[in-house]
Amino acid sequence: MGIYDFTMKDASGKEICLEDYKGKVLLIVNTATGCGFTPQYEGLEELYEKYSEKGFDVLDYPCNQFGGQAPGTEEEIVDFCQSRYGVTFKQFAKIEVNGENESPLYTWLKKEKGGVFGSKIKWNFTKFLIDRNGKVAERFAPMVTPDKIEEKIKELL
């Protein structure tokens with residue numbers, strides 16, 4: 001099983017096969033609109049705008065598991081992100097990243113790169129950088145801002 005075997009619902013409920021992203025460098029992020037790290041949306045959008053034409057994409061998975069910080073509907077979350085941060089990258093439906101209802105995508109991501117806290121996702125804005133071959137290149141803690149990931153992205157592009 002690899003990343004391209006997963007199908008996920010986007011924010012409008014449409015099924016998206018991650019195979020559509022084959023050959024791209026991806027940054028997969030579990031996000032929230034009411035989190036202290038929410039301003040990172042601005043940096044994520046900057047990276048997307050700067051490198052999307054070179055084969056880079058951001059996949060945004062809102063998650064309400066941490067302090068109830070993503071309480072809105074998918075439509076409300078998209079509206080917030082677009083109006084507040086000018087987000088144009090793909091936003092997906094809300095998911096769970098830990099526990100019995102966790103998304104199989106996150107089960108796989110955590111198996112590939114456990115991180116400093118083991119496999120559990122500790123908070124919103126944990127980031128997984130995926131190379132062009134679909135391998136998890138690196139995992140970043142929530143406090144690692146998008147600008148600190150830019151050099152790694154450039155290396156993979």
Exercise. Can you name the one residue among V136, D57, L59, V58 that meets side chain to side chain contact (heavy atoms under 4.5 Å, CB included) with I28?
Worked result: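 By the side chain to side chain contact (heavy atoms under 4.5 Å, CB included) criterion, I28 pairs with just one of V136, D57, L59, V58: L59.
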Is it the case that the side chain of [X] and the backbone of [Y] share a donor-acceptor pair, with hydrogens and angles ignored and the cut-off at 3.5 Å?
X    : Y    : answer
N30  : C63  : no
D10  : F92  : no
N133 : K135 : no
Q65  : V97  : yes
E102 : G99  : yes
R139 : K113 : yes
K94  : G72  : yes

Between [X] and [Y], which heavy-atom pair has the shortest distance, and what is it?
X    : Y    : value
F56  : L26  : CE1-C, 4.4 Å
K54  : L157 : O-CD2, 3.4 Å
L129 : K152 : CD2-CB, 3.8 Å
L109 : F128 : O-CE2, 3.6 Å

Exercise. Does I130 belong to the same Ile/Leu/Val/Met/Phe/Trp/Tyr cluster as V25, with side-chain heavy atoms less than 4.5 Å apart forming each link?
Worked result: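 Yes, I130 and V25 fall within the same hydrophobic cluster.
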For this session: Give the C-alpha distance, both sets of side-chain angles, the deciding distance and a yes or no for side chain to side chain contact (heavy atoms under 4.5 Å, CB included) between V29 and T126.
Result: CA-CA 6 Å; V29 189; T126 298; over 6 Å; no
Counting C-beta onward and ignoring hydrogens, is there a side-chain heavy-atom pair between [X] and [Y] closer than 4.5 Å?
X    : Y   : value
D79  : I77 : no
S103 : E96 : no
W108 : D5  : no
Y61  : Q91 : no
F80  : Y85 : yes
E150 : K50 : yes
L105 : I3  : yes

For this session: Evaluate the side chain to side chain contact (heavy atoms under 4.5 Å, CB included) criterion for residues F6 and M1: first the C-alpha distance (whole Å), next the side-chain angles of each, then the deciding distance (0.1 Å), finally the verdict.
Result: CA-CA 9 Å; F6 294 99; M1 187 94 178; 3.6 Å; yes
Between [atom1] on residue [X] and [atom2] on residue [Y], distance to nearest 0.5 Å:
X    : Y    : atom1 : atom2 : answer
Y4   : L18  : OH    : CG    : 9.0 Å
L156 : L27  : CG    : CG    : 10.5 Å
E138 : F140 : CD    : CZ    : 3.5 Å
E74  : E76  : CD    : CD    : 9.5 Å
T107 : E112 : OG1   : CD    : 11.5 Å

For this session: May I ask you to check whether T88 and E45 show a side-chain donor-acceptor distance below 3.5 Å?
Result: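 Yes, a side-chain donor-acceptor pair sits under 3.5 Å.
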For this session: Tell me yes or no: between the side chains of E15 and T7, is some donor less than 3.5 Å from an acceptor?
Result: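 Side-chain D/A pair, E15 to T7: absent.
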With a 3.5 Å cut-off and sequence neighbours excluded, list the donor-acceptor pairs that the side chains of residues 34-44 form with protein atoms.
unit_1, atom_1, unit_2, atom_2, d
T38, OG1, A32, O, 2.7
T38, OG1, T33, O, 3.4
T38, OG1, C35, N, 2.8
T38, OG1, C35, O, 2.9
Q40, OE1, K127, NZ, 2.9
Q40, NE2, P142, O, 2.7
Y41, OH, T31, OG1, 2.8
Y41, OH, D60, OD2, 3.2

Exercise. So F89 and Y48, would you call those rings parallel, tilted or perpendicular, with 30° and 60° as cut-offs?
Worked result: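 Ring orientation, 0 to 90° scale: perpendicular.
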Problem set entry | Residues in ring-ring contact (aromatic ring centres under 6.0 Å, His included) contact with Y51, at least two apart in sequence or another chain |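 By the ring-ring contact (aromatic ring centres under 6.0 Å, His included) rule, Y51 matches no residue at all.
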